[in-house]
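Here the structure is laid out as structure tokens; the discussion comes afterwards.
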Amino acid sequence: VNHWFKNKELSTALGISLIICRLGSSLNSYLSPYYFEETKSTATVSGIGFGWVVISFLCGLALIKMDQKYLKGEDDVVDEDEQIRCSDVKKLNSNFWFLYINAILCFMSFFSWLNIANKYL
């Protein structure tokens with residue numbers, strides 16, 4: 001993804017990717033109990049989940065092919081100043097860490113609620 005959005009809208013693309021992942025897991029938390037109540041079969045619910053895993057895997061393979069096609073002819077040479085090192089973590093400012101902690105706390109509370117919310121719906 002970073003190669004497709006280099007020097008433009010990368011944070012938006014990654015944010016949308018994260019939102020889609022979170023919506024998928026929320027939808028799973030809502031639909032799995034519904035399908036179980038309809039079919040009374042864990043095998044059916046597991047089969048539906050496995051089907052989505054296969055679809056996701058195939059999409060991943062398609063993305064690999066797209067990346068290979070896009071990166072064909074590009075040099076894989078990384079400039080010295082573009083390399084990432086573990087010591088770079090020290091250079092992150094406090095805004096990053098506050099946003100990071102905020103995201104963790106939000107996801108913890110949100111997904112904890114989703115795990116018990118199905119009982120109340």
Side-chain angles (χ1 to χ4, degrees):
V1 174
N2 353 353
H3 293 292
W4 300 345
F5 295 96
K6 196 169 193 172
N7 299 327
K8 59 181 180 208
E9 292 96 22
L10 178 61
S11 59
T12 303
L14 293 174
I16 290 171
S17 174
L18 179 66
I19 288 170
I20 291 171
C21 292
R22 298 301 180 200
L23 285 175
S25 61
S26 300
L27 195 60
N28 175 53
S29 293
Y30 180 74
L31 290 178
S32 292
Y34 172 77
Y35 287 138
F36 179 76
E37 290 298 321
E38 292 295 317
T39 63
K40 301 292 187 214
S41 167
T42 56
T44 302
V45 176
S46 298
I48 292 170
F50 181 74
W52 282 110
V53 168
V54 169
I55 290 170
S56 177
F57 179 74
L58 294 175
C59 288
L61 291 178
L63 280 174
I64 290 171
K65 285 292 187 191
M66 289 170 60
D67 266 346
Q68 288 173 344
K69 188 175 182 179
Y70 178 81
L71 295 175
K72 190 180 241 182
E74 275 195 23
D75 295 334
D76 286 340
V77 178
V78 178
D79 293 337
E80 184 67 29
D81 56 340
E82 287 187 18
Q83 276 189 324
I84 298 173
R85 294 181 184 81
C86 290
S87 62
D88 290 343
V89 172
K90 297 175 189 174
K91 297 177 185 175
L92 297 171
N93 63 17
S94 60
N95 289 341
F96 169 80
W97 292 110
F98 286 130
L99 286 171
Y100 186 72
I101 291 169
N102 183 33
I104 289 173
L105 293 174
C106 287
F107 288 136
M108 284 172 44
S109 61
F110 178 71
F111 288 112
S112 298
W113 168 249
L114 276 180
N115 288 334
I116 63 169
N118 291 325
K119 295 175 186 170
Y120 298 112
L121 295 177

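Sequence positions, counted from 1, serve as the residue numbers for this chain. This structure is a prediction, so every number in the text was calculated from the model and none was measured.
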- Take atom CH2 of Trp97 as the centre, draw a 6.0 Å sphere, and report whether it contains more than 12 heavy atoms from other residues, nucleotides or ligands. yes
- Task: Look at atom OH of Tyr34 and say whether more than 12 heavy atoms of other residues, nucleotides or ligands are closer to it than 6.0 Å.
- Result: no
- Message: Looking at Trp52, is its backbone amide N or carbonyl O close enough to the side chain of Ser56 to form a donor-acceptor pair, meaning the two atoms are under 3.5 Å apart?
- Response: no
[atom1] of [X] to [atom2] of [Y]: how many Å apart, nearest 0.5 Å?
X	Y	atom1	atom2	result
Tyr35	Asn28	OH	CG	10.5 Å
Asn93	Leu99	CG	CG	9.0 Å
Phe98	Asn95	CZ	CG	8.0 Å
Glu37	Ser32	CD	OG	12.0 Å

- Taking only residues two or more places apart in sequence or in another chain, which ones pass ring pair (Phe, Tyr, Trp, His ring centres under 6.0 Å) with Phe36? none
Do [X] and [Y] sit in the same hydrophobic cluster, where Ile, Leu, Val, Met, Phe, Trp and Tyr count as joined when their side-chain heavy atoms come under 4.5 Å apart?
X	Y	answer
Ile16	Leu18	no
Phe96	Val89	yes
Leu31	Ile55	yes

- Query: Do the non-hydrogen side-chain atoms of Leu63 and Asp67 ever get within less than 4.5 Å of each other?
  - Reply: no
- Item | Lys/Arg-Asp/Glu bridge criterion (N-O < 4.0 Å) met for Asp88, Lys91 | yes
